[in-house]
Amino acid sequence: MRELDFSVVWDNLPFILQGAVLTVQISAVAVLVGFLIGSVVGLVKLSSIRPLRFLATAYIEIIRGTPLLVQIVLIYFGLASLNIVSLDRFTAGVIALSINSGAYVGEIVRSGIQSIDKGQMEAARSLGMNYVRSMRFIILPQAFRRIIPPLVNEFIMLIKDSSLLFAIGFAELMQRGNAIRARTYKDFEVFIGIAAVYFVMTFILSRVASYVERRTRIRD
């Protein structure tokens, strides 16, 4: 059994941390765009218009029912092979992660709105507010507080899922670890180091999620 040599991690730490920064950047952009997509999808799924509700449900089911890796490959390689559009790796990664995140956020938004007591809407309507004003001033502010913790959890999941972008050669954390491993043949040490960086990032975010959850619970 050979001795472990973690100096390869320390020697390449700046290179690894640059990948960690890229991972956070692309995940943050994707979760923001995914939130916008998910908000629309969540509201549409609660719509009384059946065709719109069907489209929102189909989007959620298809995206959640297919692997993220396949979605990434289809957007980066598939669109280019059909001569539709040739995307750079960052843009393709953001689009794939955003579309995937939007499906999950859509369900988060829908469940957040439905968690608000129906009496709140009835009270708002009895005060003379129409449906849009009731949603804007009464329902959505309360629902938003409740969906913040699961949104932070979605960000955590997205950071881990972004490792799949190595399949299109995007230089995020996982891809950089793979490059170091191929150069040094220190598989175990490199991936332990990469796992440690992922853990630090997700642990910090999980603490943030716990703090936000406690604060929103107090306000409720």
task = Run the numbers on Lys186 and Phe6 for side chain to side chain contact (heavy atoms under 4.5 Å, CB included), then give the verdict.
result = CA-CA 9 Å; Lys186 302 285 187 182; Phe6 286 99; over 6 Å; no
key: Cluster check Leu79, Leu68: I/L/V/M/F/W/Y, side chain < 4.5 angstrom   = yes
message = Is it the case that the side chains of Ser115 and Arg146 hold a donor-acceptor pair, with the cut-off being a distance below 3.5 Å and no angle test?
response = yes
Under 3.5 Å donor-acceptor, Arg110 side chain and Leu46 backbone = no
message = Is it the case that the side chain of Gln142 and the backbone of Ile138 share a donor-acceptor pair, with hydrogens and angles ignored and the cut-off at 3.5 Å?
response = yes
task = Report whether Met157 and Ile194 are members of the same hydrophobic cluster (ILVMFWY, side-chain heavy atoms less than 4.5 Å apart, transitive linking).
result = no
query = What's the shortest heavy-atom distance between Ile168 and Ala92, and which atoms?
reply = CD1-CB, 4.4 Å
query = Say you draw a straight line from CG of Leu140 to CD1 of Ile147; how long is it, rounded to the nearest 0.5 Å?
reply = 8.5 Å
inquiry  = Rounded to the nearest 0.5 Å, what separates atom CG in Leu97 from atom CG in Leu164?
reply    = 8.5 Å
Show me the donor-acceptor pairs within less than 3.5 Å that the side chains of residues 69-77 make with the rest of the protein, sequence neighbours left out.
unit_1	atom_1	unit_2	atom_2	d
Gln71	OE1	Asn100	ND2	3.0
Gln71	NE2	Ile63	O	2.9
Gln71	NE2	Thr66	O	3.1
Gln71	NE2	Thr66	OG1	2.8

ask   = Going only through I, L, V, M, F, W and Y residues with side-chain contacts under 4.5 Å, is there a path from Val44 to Val105?
value = no
message = How long is the straight-line distance from CZ of Arg176 back to CZ of Phe166, given to the nearest 0.5 Å?
response = 16.0 Å
request  = First locate atom OH of Tyr104, then atom CG of Leu151, and finally report the distance between them rounded to the nearest 0.5 Å.
outcome  = 15.0 Å
inquiry  = Count I, L, V, M, F, W, Y as connected when their side-chain heavy atoms are under 4.5 Å apart, and connections chain through other members. Are Val41 and Val132 then in the same cluster?
reply    = no
request  = Measure across Asn130 and Arg133 and return the closest heavy-atom pair with its distance rounded to 0.1 Å.
outcome  = OD1-N, 2.8 Å
note = Heavy atoms of Arg64 and Ala103 approach each other most closely as CG-CB, 4.0 Å
task = Please confirm whether Arg89 makes a cation-pi placement over Phe170, using NZ or CZ under 6.0 Å from the six-membered ring centre and within 45° of the ring normal.
result = no
ask   = Given side chains that start at C-beta, do those of Ile99 and Tyr59 come closer than 4.5 Å, heavy atoms only?
value = yes
request  = Output all residues satisfying side-chain hydrogen bond (donor to acceptor under 3.5 Å, both in side chains) with Glu122, sequence neighbours left out; order by chain, then residue number.
outcome  = none
task = Name all residues meeting the side-chain hydrogen bond (donor to acceptor under 3.5 Å, both in side chains) criterion together with Asn12; count only those two or more places apart in sequence or in a different chain, and write none if there are none.
result = Arg183
Counting only pairs under 3.5 Å, give me each side-chain donor-acceptor contact of residues 21-39, with atom names and distances, residues two or more places apart or in other chains.
unit_1	atom_1	unit_2	atom_2	d
Thr23	OG1	Gly19	O	2.9
Thr23	OG1	Leu173	N	3.1
Ser27	OG	Thr23	O	2.7
Ser39	OG	Phe35	O	2.7

query = Taking a hydrophobic cluster as the set of Ile, Leu, Val, Met, Phe, Trp and Tyr residues connected by side-chain heavy atoms closer than 4.5 Å, whether directly or through intermediates, do Phe188 and Val190 fall within one such cluster?
reply = yes
Less than 3.5 Å apart, which donor and acceptor atoms pair up between the side chains of residues 49-57 and the rest of the protein, not counting sequence neighbours?
unit_1	atom_1	unit_2	atom_2	d
Arg53	NH1	Ser47	O	2.9
Thr57	OG1	Arg53	O	2.8

inquiry  = If the threshold is 4.0 Å, N to carboxylate O, is there a salt bridge linking Arg181 and Glu189?
reply    = no
message = So, taking the atom named NZ in Lys45 and the one named CD in Gln114, what distance separates them when rounded to the nearest 0.5 Å?
response = 8.5 Å
task = Enter the distance from Met129:CE to Met135:CE here, rounded to the nearest 0.5 Å.
result = 13.0 Å
Sidechain-backbone polar pair: Ser101 side chain, Ser98 backbone, donor-acceptor under 3.5 Å = no
Side-chain polar contacts of residues 198-209 - donor-acceptor pairs under 3.5 angstrom, sequence neighbours left out - could you list them?
unit_1	atom_1	unit_2	atom_2	d
Tyr198	OH	Glu172	OE1	3.3
Thr202	OG1	Tyr198	O	3.0
Thr202	OG1	Phe199	O	3.2
Ser206	OG	Thr202	O	3.3
Ser206	OG	Phe203	O	2.7

